[in-house]
Amino acid sequence: MNEPVIDANVQPHFRYNAEIRRYLPAAHRLRAIPDVEQQWYQAPGGDYRQDLYGPAYPGSDPETVGGHLFDELGISFAILNPLTRGNIADYLLNSRICAAVNDWLLDRWLEPDTTDRYADRFLGTIRVNPEDPRGAVAEIERLAGHPKLVQVGVPMQSREPYGKPMFEPIWEAAAAHGLPVAVHINGGNGVDHPPTFAGHAHTYPGYAAFMPLNYFVHLATLIIEGVFGRLPDLKFVFADGGYDILTPLMWRLDTFWLSMRDQTPWVDRYPSEYLPGHVRFCSSAFDGPVDAASAQRWMEFSGKTALVMYGSSYPHWSTSSPEAMAQGLDADQRAQVLWRNASELYGLEERVG
């Protein structure tokens with residue numbers, strides 16, 4: 001592939017469960033922490049690509065990951081968004097885990113002396129615990145100045161939608177430092193919430209099909225509660241697919257807002273008009289039309305060409321290549337989705353050029 005490609009959704013993992021403990025404060029090293037395999041819904045055949053299992057856990061070796069992404073898939077830069085160990089009931093422990101994940105990411109993946117060959121092409125995420133707003137803000141302030149940390153990461157699973165006031169200090173801190181907020185389904189959770197509005201699905205297909213609907217709940221409240229209006233520089237990345245449901249749900253939100261504007265006078269435009277300045281989605285192998293001939297027209301609904309960024313979901317079992325994601329798109333749409341949207345969001349225009 002001759003054109004640049006930015007992969008906006010890569011999940012690096014620990015080599016083994018005990019590795020995280022090296023980065024925890026002494027008082028927390030003996031605490032019980034869910035391991036990397038402990039998830040409530042397991043994909044048939046395993047969560048990760050079978051060819052990646054070996055001496056180390058899939059996605060845990062920078063050299064191997066770099067070889068697959070940069071050498072084989074032709075990717076220019078990769079945004080690393082490591083999963084934490086979930087919404088553990090002890091929110092202070094969860095905040096310490098987030099900080100440990102951040103220190104591990106810097107130590108093993110982002111600093112030049114640890115991954116000389118690919119270090120300049122990996123960029124990272126500051127993981128924070130939204131159930132501890134004060135701690136989350138402190139973690140952003142601690143790491144926001146690092147040039148290779150380009151966004152803040154939070155789990156999609158949450159007790160409340162992210163438009164609620166208790167979370168706003170986190171979003172204020174992220175926006176003040178020019179850092180997008182990436183929302184991703186978290187793995188290895190100690191405490192989790194139902195993936196559907198009506199409770200728990202029994203099977204992985206039910207979980208995978210309905211979980212992305214939660215993105216829209218967060219997105220709708222960020223608009224309707226006025227967060228995007230108060231924070232004009234705030235940007236959210238919904239990093240695990242779900243953009244195929246964006247158009248009908250935004251149409252519905254626009255309709256209700258138009259009928260009931262007296263209840264939300266601070267929303268000064270159609271809700272869908274907030275999307276370009278505030279929202280991005282990462283691609284998913286499951287999103288979009290089955291027929292590639294429909295891809296161009298489908299991407300134009302709700303202006304998705306300017307909203308979607310390529311994400312491989314490596315090392316997930318459903319990892320997708322840039323060519324597969326861009327199938328059926330015209331040249332301008334390909335450029336937007338494969339690199340231009342991400343380069344603008346993460347400030348990579350000069351480096352990509």
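The chain is numbered in sequence order, starting from 1. For the numbers below, each heavy atom of this structure counts, side chains included, while hydrogens, waters and symmetry mates do not.
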Looking at Val267, is its backbone amide N or carbonyl O close enough to the side chain of Thr264 to form a donor-acceptor pair, meaning the two atoms are under 3.5 Å apart? no

Apply salt bridge (Lys or Arg N to Asp or Glu O under 4.0 Å) to the pair Asp268 and Arg261, showing each step before the final yes or no. CA-CA 9 Å; Asp268 59 0; Arg261 293 179 62 183; over 6 Å; no

Non-hydrogen side-chain atoms of Arg22 and Phe14 separated by less than 4.5 Å: no

Is there a salt bridge (Lys or Arg N to Asp or Glu O under 4.0 Å) between Arg340 and Glu3 once you walk through the steps? CA-CA 11 Å; Arg340 192 174 294 148; Glu3 61 193 319; over 6 Å; no

For Leu258, is the CG atom crowded, meaning more than 12 foreign heavy atoms sit under 6.0 Å from it? yes

Out of the candidates Val181, Val152, Asn94, only one should pair with Val128 under the side chain to side chain contact (heavy atoms under 4.5 Å, CB included) rule; please name it. Val152

Evaluation steps, side chain to side chain donor-acceptor pair (under 3.5 Å), between Ser343 and Glu349: CA-CA 5 Å; Ser343 71; Glu349 292 97 334; 5.2 Å; no

Under 3.5 Å: donor-acceptor pair, side chain of Arg280, backbone of Val237: no

Pi-cation contact, Tyr57 with Arg15 (under 6.0 Å, within 45°): no

Locate the shortest heavy-atom distance separating Asp254 from Pro271; write the atom from each residue and the value. OD1-CD, 3.0 Å

Side-chain heavy atoms nearer than 4.5 Å, only ILVMFWY residues, links allowed to pass through others: does that put Tyr215 and Val217 together? yes

Could you note down all residue pairs passing ring-ring contact (aromatic ring centres under 6.0 Å, His included) where residues 125-165 supplies at least one of them, sequence neighbours left out? Tyr162-Phe167, Tyr162-Trp171, Tyr162-His218

Rounded distance [0.5 Å steps], CG in Leu219 versus OH in Tyr274: 12.0 Å

Report yes or no: does Asn186 contribute a side-chain atom to a donor-acceptor pair with the main-chain N or O of Leu83 at less than 3.5 Å? no

Do the two ring centres, one from Trp109 and one from Phe122, sit under 6.0 Å apart? yes

Could you tell me whether the side chain of Ile97 reaches within less than 4.5 Å of the side chain of Arg127, counting heavy atoms only? no

To the nearest 0.5 Å, tell me how far Leu69 CG sits from Phe77 CZ. 13.5 Å

Polar side-chain atom of Thr196 near backbone of Gly199 as donor-acceptor pair, under 3.5 Å: yes

Should Glu168 and Arg230 count as side-chain neighbours, where that means a heavy-atom distance under 4.5 Å? yes

Would you call Pro62 and Arg108 a side-chain contact if the rule is heavy atoms closer than 4.5 Å? yes

Verify, without hydrogens or angle tests, whether Gln11 (side chain) and Gly59 (backbone) share a donor-acceptor contact under 3.5 angstrom. no

Is there a continuous path of hydrophobic side-chain contacts, each under 4.5 Å between heavy atoms, that joins Ile33 to Leu30? no

Less than 4.5 Å apart, any side-chain heavy atom of Leu92 and any of His28? no

Are more than 12 heavy atoms, taken from residues, nucleotides or ligands other than Glu350, located less than 6.0 Å from that residue's CD atom? no

pair Gln151-Pro180: side-chain heavy atoms closer than 4.5 Å: yes

Atom of Ala326, atom of Leu338 and distance for their closest heavy-atom approach: CB-CD1, 4.1 Å

Does any non-hydrogen side-chain atom of Pro12 lie less than 4.5 Å from one of Trp104? yes

Compare every heavy atom of Lys235 with every heavy atom of Leu345, then report the nearest pair and how far apart it is. CD1-CD, 3.4 Å

Hey, mind stepping through Met309 and Glu344 against side-chain contact (heavy atoms from CB on, under 4.5 Å) and telling me if it holds? CA-CA 11 Å; Met309 306 183 296; Glu344 293 173 356; over 6 Å; no

Distance check, rounded to the nearest 0.5 Å: Glu172 atom CD versus Asp233 atom CG? 12.0 Å

Minimum-distance pair of heavy atoms, taken over all atoms of Asn214 and Pro195: ND2-O, 3.0 Å

Please step through salt bridge (Lys or Arg N to Asp or Glu O under 4.0 Å) for the pair Glu225 and Lys164, ending with a clear verdict. CA-CA 7 Å; Glu225 298 279 349; Lys164 291 297 186 70; 5.6 Å; no

Between His68 and Tyr314, is the gap from one ring center to the other below 6.0 Å? yes

d(His13 NE2, Ile20 CD1) to nearest 0.5 Å is 12.5 Å

Atom CD of Gln327 with >12 non-hydrogen neighbours under 6.0 angstrom: no

Got a second to check how far Leu307's CG is from Leu246's CG, nearest 0.5 Å? 6.5 Å

Check Asn81 against Ala182 and note the closest heavy-atom contact, atom names and distance. ND2-CB, 4.1 Å

Report the distance from atom CE of Met250 to atom CD1 of Ile245, rounding to the nearest 0.5 Å. 11.5 Å

Taking His278 for the side chain and Leu234 for the main chain, is one N or O donor matched with an acceptor at less than 3.5 Å? yes

Should Glu323 and Arg334 count as an ion pair when the cut-off is N to O under 4.0 Å? yes

Between Asp71 and Tyr118, is any side-chain donor less than 3.5 angstrom from a side-chain acceptor? yes

Would the distance check show the side chain of Tyr310 and the main-chain N or O of Ser320 forming a donor-acceptor pair, the cut-off being under 3.5 Å? yes

Answer yes or no: does atom CZ of Arg252 have more than 12 heavy-atom neighbours from other residues, nucleotides or ligands under 6.0 Å? no

According to a hydrophobic-cluster definition based on side-chain heavy atoms being under 4.5 Å apart (Ile, Leu, Val, Met, Phe, Trp, Tyr only), do Tyr91 and Leu24 belong together? no

Do Arg142 and Asp103 sit within salt-bridge range, that is, some charged N less than 4.0 Å from a carboxylate O? yes

Taking Asp7 for the side chain and Ser312 for the main chain, is one N or O donor matched with an acceptor at less than 3.5 Å? yes

Are Tyr243 and Leu213 grouped together when hydrophobic residues (ILVMFWY) are joined by side-chain heavy atoms under 4.5 angstrom apart? yes

Between Asp287 (side chain) and Ser283 (backbone), is there a donor-acceptor pair under 3.5 Å? no

May I have the step-by-step check of side-chain contact (heavy atoms from CB on, under 4.5 Å) for Val279 and Phe228, ending in yes or no? CA-CA 10 Å; Val279 179; Phe228 287 154; 4.0 Å; yes

Can you establish whether the number of heavy atoms outside Tyr204 located under 6.0 Å from its atom OH is more than 12? yes

Given Asp90 and Arg31, is the salt bridge (Lys or Arg N to Asp or Glu O under 4.0 Å) satisfied, shown in steps? CA-CA 11 Å; Asp90 184 342; Arg31 295 289 300 274; 2.9 Å; yes

Transitive ILVMFWY cluster of Phe256 at side-chain heavy atoms under 4.5 Å: who else is in it? Met260

Does a donor on one side chain sit under 3.5 Å from an acceptor on the other, for Glu300 and Thr305? yes

Check whether any side-chain N or O of Ser302 sits under 3.5 Å from a backbone N or O of Lys304 as a donor-acceptor pair, and report yes or no. no

Minimum side-chain heavy-atom gap Tyr207-Ile185 below 4.5 Å: yes

